[in-house]
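Please read the structure below before turning to the comments.
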Amino acid sequence: MSMTAVAQVFPFRVNNHVVDELIDWSNIPEDPIFQLTFPQPAMLSIGDLALMLGLVRRGRDEEIKQAARQIQVNLNPHPAGQLDLNVPTMMDQPLPGLQHKYEETVLFFPAAGQTCHAYCSYCFRWPQFAGMDGMKFASHETDGLVNYLKAHEEVTSVLITGGDPMVMKTSLLRRYIEALLAPELEHVASIRIGTKALSYWPYRFLTHGDSADLMRLFEKVREEGKELALMAHFSHPRELEPAVTRQAFRAVRDSGATVRCQSPIVKHVNDSADAWVELWKQQVRLGAVPYYMFVERNTGPNRYFQVPLLKAEEVYRKAFRHVSGLARTVRGPSMSAMPGKILFIGTAYVYNEEVFVLRFIQARNPEWVGKPFFARYDPTATWFTDLKPALGEKEFFFEKELRQLTEASAEAKAAAPHPVGGGTKGRQGMRQDSHVRRAQRV
Ligand SMILES: *Cc1c(COP(=O)(O)O)cnc(C)c1O
Ligand code: SF4
């Protein structure tokens, strides 16, 4: 009963592979993969759980739906300015299936890829899966993407993401990827696909209907002189164990594609150094590159999953010590926050004050990247917005500029149809009015 109630708010989906190969049913509910895929009662507040239980018991569909929607809306469905700040414009028209936050990388959300083979219970994309109106990113066609990229030579990497683009048929994926191989897009050096399929549906790369075709598509990208990288989600070493998963890794690598692995650190699933040591070791063994350890975003059921920054950094540091240099490519714990991707590096004493040391590894303004900065020591902080500047500073070094960028972005949008650069210039134009251009993009 409580599962039914929670599932109204947090949509869930599993498949045979997850149920039969990944979950240890003798260890329920603690099993990490069970926690990773099945919604748990404690994800709702006591009040919300009681409300949903009552409604489910009385069984009025419309009321259940409305209450679930209300709870979802209160769970910060679009954190970090996702909806307002990252959607780029072209000729003053927003391009809703794209996000362009960091100069060199564009995210593309194909409409048919906005679901997954199974759902991770911590997933921050749940508004997409729950079909919350007006809150979906999705693009139906490639023209907008290609035209935007032609006008933005600073973009070297396109990340096709979702949901999970690997739920799409190969023929559809081919349309998007081949469009990116056009000679006018020579500046796009790499195509990435964000996916959980290597874990949740490895058959996608092996025996699934059009998997041979998929491998040929990957090969073609390589032959055209571009990198194809699968950005694979792996949360727990168990996901790497099945023989079929290892075969899928081999098939992908044989196609010339590379695999980079990333995941957030979340309570109940992988909040121990042992889990990460094993995860990174196995990834290297399979020829994959450990890439990011994320901090769980401040959205959805994050209260259930959140790990204090101090603990996340301790897990990262302890695990990092026990892997070879080949696994030390991994960066973390990293917060994808509004101003950029922020690493929590650890604590230090500066002028007798114990502080958190932070550093951007990606930022809305590339000038911010790499410079260490300090926040007050806070053992309870779980996200960047919990942190306050240290050493008597009133704000972090980038905040004034961030305000200017976001205000300029709002003005640029409000000023339409007045042309504001419109994305028709090449790199030269980008330099001349970089302030306005960047403002449009934030
Ligand atoms: C992480 C991320 C990227 C990719 O950043 P890389 O440093 O190139 O891996 C791009 N856009 C957004 C919005 C991101 O969060
Ligand atoms: S694979 Fe990624 S997008 Fe899909 S449910 Fe898991 S976290 Fe969400």
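Both counts, for ligands and for their atoms, begin at 1 and track the order of listing. Positions are given from 1, in the same order as the sequence printed here. Because only heavy atoms are used, hydrogens play no part in the values below, and waters and symmetry mates are left out as well, while side chains stay in.
For atom 4 (Fe) of ligand 2, the closest non-hydrogen atom on the protein side is Cys116 SG, 2.2 Å. Ranking the protein heavy atoms by distance from atom 2 (Fe) of ligand 2 puts His233 CE1, 2.7 Å first. When only non-hydrogen protein atoms are considered, atom 6 (P) of ligand 1 lies nearest to Tyr292 OH, 3.5 Å. Cys123 SG, 2.2 Å is the protein heavy atom nearest to atom 8 (Fe) of ligand 2. The nearest heavy-atom contact from the protein to atom 12 (C) of ligand 1 is Tyr102 CE1, 3.5 Å. For atom 5 (S) of ligand 2, the closest non-hydrogen atom of the protein is Cys120 N, 3.1 Å.
For the pair Lys341 and ligand 1, the shortest N or O to N or O distance falls below 3.5 Å. At least one N/O-N/O distance between Tyr291 and ligand 1 falls below 3.5 Å.
Residue contacts with ligand 1: Leu159 is excluded, as none of its non-hydrogen atoms falls under 4.0 Å. The closest approach between Arg192 and ligand 1 falls below 4.0 Å for a heavy atom of the residue. By the 4.0 Å heavy-atom criterion, Gly162 is excluded from the residues contacting ligand 2.
Taking the six-membered ring for Trp and the full ring otherwise, Phe249 and Phe234 have centroids separated by under 6.0 Å. The aromatic ring centroids of His17 and Tyr200 lie 6.0 Å or more from each other. For Phe356 and Phe374, the gap between ring centers reaches or exceeds 6.0 Å.
Every atom of ligand 2 with a heavy atom of Tyr119 under 4.0 Å away is listed here by number and element: 5 (S). Taking every non-hydrogen atom of Leu107 and a distance limit under 4.0 Å, the qualifying atoms of ligand 1 come out as 10 (C), 11 (N), 12 (C), 13 (C). For ligand 2, the atoms closer than 4.0 angstrom to any heavy atom of Lys196 are 1 (S). Within ligand 1, the atoms closer than 4.0 Å to a non-hydrogen atom of Gln362 are 5 (O), 6 (P), 7 (O), 8 (O), numbered from 1 in the order shown.
When side chains are defined from C-beta on, Asn365 counts as touching Glu401, because their heavy atoms get closer than 4.5 Å.
Note on ring orientation: taking the six-membered ring where Trp is involved, the planes of Trp201 and His117 are parallel (angle under 30°, cut-offs 30° and 60°). Note: Phe396 and Phe398 have parallel aromatic rings, judged against thresholds of 30 and 60 degrees for the angle between ring planes. Using the six-membered ring where Trp is involved, Trp25 and Phe38 have ring planes that are perpendicular, over 60° apart on the 30 and 60° scheme.
The cationic atom of Lys371 (NZ for Lys, CZ for Arg) lies less than 6.0 Å from the six-membered ring centre of Phe397 and within 45° of the ring axis.
Contacts with ligand 1 closer than 4.0 Å are made by no heavy atom of Glu104, backbone or side chain.
Between Arg204 and Asp210 a salt bridge is recorded (basic side-chain N to carboxylate O distance below 4.0 Å).
Exactly one residue among Phe360, Trp368, Phe344 makes a ring pair (Phe, Tyr, Trp, His ring centres under 6.0 Å) with Phe373. That residue is Phe360.
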